[in-house]
Structure formats: C-alpha cells, structure tokens
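One structure is given here, and the rest of the page talks about it.
None of these values were measured; they are calculated from a predicted model.
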Number of protein chains: 2
Amino acid sequence: METEYLKVTEREDEPVDGMQPFDVLNPACPSRTVLRHLTDRWTPLVVGVLAAGPARFGELRDQVGGVTAKVLTQTLRSMERDGLVVRRALATMPPRVDYELTALGRTLVEPLDALRGWAEQHAGEVLEARSSYDEATL
Amino acid sequence: METEYLKVTEREDEPVDGMQPFDVLNPACPSRTVLRHLTDRWTPLVVGVLAAGPARFGELRDQVGGVTAKVLTQTLRSMERDGLVVRRALATMPPRVDYELTALGRTLVEPLDALRGWAEQHAGEVLEARSSYDEATL
DNA sequence: CAGTATCCCGTGCGATACTG
DNA sequence: CAGTATCGCACGGGATACTG
C-alpha cells in the first residue's frame with residue numbers, strides 16, 4: 001500500500017495513535033524537502049548563531065564566515081518560509097532587520113548543534129581517515 | 001590572530017587543555033568540509049539504514065528510496081574515505097559487498113537520526129508554515 | 001550483483017554592481 | 001544597512017547503457 005501525502009487537516013491537538021506518516025526513506029515523502037532544507041549549506045550555521053539570541057542581518061553575515069548577502073538572504077527567506085525564523089524589519093533609515101528563531105526553530109538548535117559539534121570534534125579523525133584513504137589509493 | 005589548520009601531529013591520547021581548533025563558522029576551517037559531507041543528500045539516509053546493522057549494496061539501494069547506483073556508490077565511497085564506513089567485498093560470483101558503520105560512523109547515528117527524526121516529526125508544521133507564507137506572499 | 005561509463009542538466013552558490 | 005539585480009558556472013546529482 002502506498003502512503004499518500006495529503007495535507008493534514010486534522011486538529012493537531014488530538015494526536016492520532018501511532019501516527020507517523022512521514023518517512024524520509026520514501027522519495028515521495030515531503031519530509032525529504034524538510035530534511036534537505038535543514039542540511040542546506042548555511043542553515044545549520046545560521047541556526048547556530050541565532051541560538052545565542054536574535055541578530056541583525058549584518059551580524060549574521062559577519063559571524064557566518066564566507067556567506068554573501070545574497071545567499072544569506074535566500075537562506076533566511078527559506079527558513080522564514082519554513083517557520084524556523086521570524087524577520088522583523090524596522091523601516092528606519094538606515095534600516096534595521098532582526099532575525100530570531102521561532103519556537104519551532106529553537107527545537108532545531110539541539111540537533112543541529114549536535115551535528116556541528118560532531119563535525120568540529122571529529123574533524124581530526126576524518127582528516128586522518130582521508131589521508132589514509134588517499135594514500136592507500138595512490 | 002589567524003588559526004592555522006595544520007595537520008594535527010600530537011598524540012591524541014594526551015588531550016590538550018581547552019583545545020578546540022575547529023570552528024565551523026570559519027570559512028577556512030576543514031570542519032566545514034566535514035559538515036558538508038554529513039549533510040550530503042544521501043549520507044543521513046545511508047547512516048540511518050546502516051544504523052540497524054551491516055547491509056549489502058542492493059539492500060541499501062532498495063531501502064534508500066530514489067537513489068541511483070551511481071550516486072549511492074559515490075556517497076558510500078565518500079563515507080568510506082571519511083572513515084564512517086567499511087566496505088567489505090567478497091570476490092565471489094555473483095559478487096557480494098557489505099557496508100558497515102565504523103566506530104566513528106556509529107557516533108554519527110544519534111545526531112543524524114535526531115535530524116531525521118526532526119524532519120519527520122515536524123514536517124507537518126513546516127508544511128503548514130510554507131502554506132501560510134506562500135498564501136501571504138500572493 | 002555491484003558496480004562503471006557516459007552523457008547531461010538544474011540549481012545552488014558565488015562575484016560583482018547597484019539601490020531605497 | 002540590508003538588501004536586490006544580473007550574470008555565470010561548477011558540481012552534485014540523475015538517466016541510461018554496459019560489464020566483470
């Protein structure tokens with residue numbers, strides 16, 4: 001039987017027993033696109049920075065090394081659309097725009113930080129593994 | 001002062017105090033490439049499947065919906081190079097190749113499964129957020 | 001069965017310049 | 001300051017066919 005991915009219209013305050021309709025292993029499942037966004041190039045880094053609290057656009061651009069304004073904007077828009085971030089724009093001159101994690105976005109801090117932590121903590125081992133592999137493959 | 005990313009030659013059994021040389025926010029830091037690989041399209045899914053135990057190539061291809069042999073091979077090779085997976089090939093006919101997570105790879109199961117779990121559990125909310133956003137943006 | 005070999009393409013991402 | 005507008009491209013990824 002194929003699972004259809006209809007829009008969920010049920011009230012989410014009446015949880016359905018054992019309902020787990022989303023399966024990342026299924027290529028047709030929308031959770032795929034969700035996971036894909038989480039693993040976008042800059043999303044984990046932006047979440048990491050915003051975990052410390054709201055930040056202005058420029059602060060984000062400065063903290064997240066290497067990102068350009070255009071791509072940072074794209075990333076933030078995508079995150080906003082996915083409900084991970086709120087954008088609050090002050091129509092002053094010069095303008096000021098603050099970004100802040102939503103409640104949903106905050107639930108991402110832990111898992112994404114874990115990943116980021118893994119990368120930093122095990123980078124050494126991975127680098128060594130690569131050397132070994134490349135050497136053996138000569 | 002700029003941190004240089006030299007090959008770590010120190011014995012890793014004598015931990016250096018507060019040593020945390022890797023910083024994902026630094027565009028020059030090698031941990032960037034590590035994180036990038038972890039967030040490759042198929043890596044989280046492959047890790048998820050291999051978490052249950054070793055698997056043959058065909059099993060992986062079947063379980064990870066939508067992946068082609070070529071790309072799965074690329075993913076597995078990259079993971080092998082990074083020391084996350086061991087490839088064990090039996091030179092029988094027909095051939096049989098088993099893939100298994102290394103000790104290092106196993107430490108990834110928890111963080112990556114957390115991410116995958118997040119995607120599945122919050123897919124509904126994200127989908128709704130997207131609808132709202134798109135509707136408001138009309 | 002477990003891959004390669006080719007060919008090919010969208011798009012994520014970057015560089016640069018410009019603006020309200 | 002916080003973007004947008006353009007242009008351009010490498011490259012991650014896919015379709016298909018073939019092989020030890």
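Between the side chain of B/D23 and the main chain of B/L25, a donor-acceptor pair closer than 3.5 Å is present.
Interface limits on DNA chain C: the 5'-most and 3'-most nucleotides within less than 4.0 Å of chain A heavy atoms are C/dC13 to C/dG20.
If you take NZ of A/K70 and P of D/dC9, they are 14 Å apart, rounded to a whole angstrom.
In this structure, B/L84 CG and B/D82 CG are separated by 5.5 Å, a value rounded to the nearest 0.5 Å. Taking CZ of A/R56 as the start and CZ of A/R61 as the end, the distance is 10.5 Å to the nearest 0.5 Å. The structure places CD of B/E80 at 8.0 Å from OG1 of A/T137, a figure rounded to the nearest 0.5 Å. Rounded to the nearest 0.5 Å, atoms CG (A/L35) and CD (B/E120) are 8.5 Å apart. Atom CZ of residue A/F57 and atom OG1 of residue A/T73 lie 3.5 Å apart, to the nearest 0.5 angstrom. One finds the CG atom of B/L50 at 10.0 Å from the OH atom of B/Y99 (value rounded to the nearest 0.5 Å).
Summary for the helix from C/dC1-D/dG20 to C/dG20-D/dC1: the axes at its two ends, each from 5 pairs, differ by 60° when rounded to the nearest 10 degrees.
The nearest heavy atom of DNA chain C to A/V71 and to A/P94 marks one nucleotide each, and the one closer to the 5' end goes with A/V71. Both A/P95 and B/M93 sit near DNA chain C, but only B/M93 has its closest nucleotide nearer the 5' end.
In this structure, A/R36 and A/R32 have side chains that are not in contact, with every pair of non-hydrogen atoms separated by 4.5 Å or more.
Heavy atoms from other residues, nucleotides or ligands lying under 6.0 Å from CD of A/E110 number 12 at most.
Hydrophobic clustering (side-chain heavy atoms under 4.5 Å, transitive across Ile, Leu, Val, Met, Phe, Trp, Tyr) keeps B/Y133 apart from A/M79.
Within residues 34-58 of chain B, the residues having any heavy atom under 4.0 Å from DNA chain C are, by residue number, B/R36, B/R56, B/F57, B/G58.
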